[in-house]
Colleague: 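Quick one: this structure, given as structure tokens, is what I'll be asking you about.
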Amino acid sequence: MTVIRVLLVDDDPLVRAGLSFMMGGADDIEIVGEAADGGEVEALVDRTRPDVVLMDIRMPAVDGLAATESLRRREDAPQVVVLTTFHADEQVLRALRAGAAGFVLKDTPPAEILGAVRRVAAGDPVLSPTVTRQLMRHAAGTTAGTRATRARERIAALNEREREVAVAVGRGLANAEIAAELYMSVATVKTHVSRILAKLSLNNRVQIALLAHDAGLLEDG
């Protein structure tokens, strides 16, 4: 059994204690460290080598957004799952754009938090198309037009098949579902996803979904 190494980052000691107690009972998860501020994260990651970081957004000195951006610039970056009290929050969206693999609400049932950690560790995002749209509506503003233009310019670098795969990822389909829908093997889907990430300089599938949304490719869905 592969054990998932998890780092907890939250300025509330009660939240950290609750998460540690809840997750400590899982055979496949090990809490390797705790931090009370984003400024402590880099050194802890160097020392503990976590697979997944559960990251609070709002912290007094260095917030989770800055810490996530810093972590995701690393070549050996762990996956980041944002902890938040809000369903739709512009800071959450910014963290996702910076490379977080998803987010969970702090009042999420324990079993779902465990499931989210396991999915992210396996390379799957924790973000549904419905939540993506909700976040986009919340963050829509004067920069939306500029963001859409830039997204369409970046998407133009993809060939037709890669574009189809990007749209399917944006719709929240798993690799097997994409393979069935587009009549290709799962291995071919994975190859296309890897090429999309490389061509567009993206970190993960969540960023593919956000870019497809920005470019207007999901509107018909």
Colleague: Rest of the hydrophobic cluster containing Leu14 (Ile/Leu/Val/Met/Phe/Trp/Tyr, side-chain heavy atoms under 4.5 Å)?
Modeller: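 None; Leu14 is a cluster of one.
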Colleague: Tell me, please, which residues at least two apart from Asp37 pass side chain to side chain contact (heavy atoms under 4.5 Å, CB included).
Modeller: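 Side chain to side chain contact (heavy atoms under 4.5 Å, CB included) check on Asp37 returns Glu40, Met59, Pro60, Ala61, Val62.
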Colleague: Using side chain to side chain donor-acceptor pair (under 3.5 Å) as the criterion, list what pairs up with Thr48, not counting sequence neighbours.
Modeller: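 Partners of Thr48 by the side chain to side chain donor-acceptor pair (under 3.5 Å) criterion come out as none, since no residue qualifies.
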Colleague: Quick one: side chain to side chain donor-acceptor pair (under 3.5 Å) partners of Glu164, sequence neighbours excluded?
Modeller: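 Glu164: side chain to side chain donor-acceptor pair (under 3.5 Å) contacts with Arg161.
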Colleague: Would you compute the distance between atom CG of Leu158 and atom NE2 of His192 and round it to the nearest 0.5 angstrom?
Modeller: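 NE2 of His192 is found 11.0 Å from CG of Leu158.
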Colleague: Could you work out, with side chain to side chain contact (heavy atoms under 4.5 Å, CB included) as the rule, every residue matching Asp46, not counting sequence neighbours?
Modeller: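 Per chain and number, Asp46 pairs via side chain to side chain contact (heavy atoms under 4.5 Å, CB included) with Arg74.
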Colleague: Considering residues at least two apart in sequence or located in another chain, which fulfil the salt bridge (Lys or Arg N to Asp or Glu O under 4.0 Å) criterion with Arg118?
Modeller: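 Once residues adjacent in sequence are excluded, the partners of Arg118 under the salt bridge (Lys or Arg N to Asp or Glu O under 4.0 Å) criterion are Asp28.
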Colleague: By the salt bridge (charged side-chain N to carboxylate O under 4.0 Å, His left out) test, which pairs, at least two apart or in different chains, include something from residues 105-117?
Modeller: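 Residue pairs passing salt bridge (charged side-chain N to carboxylate O under 4.0 Å, His left out), neighbours aside: Asp10-Lys106, Asp56-Lys106.
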Colleague: Any side-chain heavy atom of Met22 sitting closer than 4.5 Å to one from Leu114?
Modeller: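 Heavy-atom side-chain distance check passes, below 4.5 Å.
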Colleague: For the side chain of Thr191 and the backbone of Ala187, is there at least one donor-acceptor N/O pair under 3.5 Å apart?
Modeller: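 Yes.
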Colleague: Would a distance-only check, ignoring hydrogens and angles, find a side-chain to backbone donor-acceptor pair under 3.5 Å from Gln207 to Leu202?
Modeller: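 No, the answer is negative, given that no donor and acceptor are paired below the 3.5 Å cut-off.
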Colleague: Check side chain to side chain contact (heavy atoms under 4.5 Å, CB included) between Glu69 and all other residues, then give those that pass, not counting sequence neighbours.
Modeller: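 Partners of Glu69 under the side chain to side chain contact (heavy atoms under 4.5 Å, CB included) test: Leu65, Arg73, Ala98.
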Colleague: Holding to side chain to side chain donor-acceptor pair (under 3.5 Å), I want the full list of residues that pass it with Thr188, two or more places apart in sequence or in another chain.
Modeller: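 Result, side chain to side chain donor-acceptor pair (under 3.5 Å) vs Thr188: Ser185.
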Colleague: Going by atom type alone, with no hydrogens or angles, which donor-acceptor pairs under 3.5 Å involve a side-chain atom of residues 173-182 and a protein atom two or more places apart or on another chain?
Modeller:
| residue | atom | partner | partner atom | Å |
| --- | --- | --- | --- | --- |
| Asn175 | OD1 | Arg205 | NH1 | 2.7 |
| Asn175 | OD1 | Arg205 | NH2 | 3.4 |
| Glu177 | OE1 | Ala174 | N | 2.8 |
| Glu181 | OE1 | Arg171 | NH2 | 3.3 |
| Glu181 | OE2 | Arg171 | NH1 | 2.6 |

Colleague: Does Ile31 reach the side chain of Met23, with side-chain heavy atoms less than 4.5 Å apart?
Modeller: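 The answer is yes; the side chains approach within 4.5 Å.
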Colleague: Minimum heavy-atom separation for Phe103 to Val81, with atom names?
Modeller: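 Residues Phe103 and Val81, closest heavy atoms: CA-CG1, 4.1 Å.
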Colleague: Please identify each residue that fulfils salt bridge (Lys or Arg N to Asp or Glu O under 4.0 Å) with Arg154, with sequence neighbours left out.
Modeller: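 Applying salt bridge (Lys or Arg N to Asp or Glu O under 4.0 Å) to Arg154 gives none.
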Colleague: Of all residues at least two apart in sequence or in a different chain, which pass the side chain to side chain donor-acceptor pair (under 3.5 Å) check with Arg16?
Modeller: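 For Arg16 the side chain to side chain donor-acceptor pair (under 3.5 Å) partners, ignoring immediate neighbours, are Glu34.
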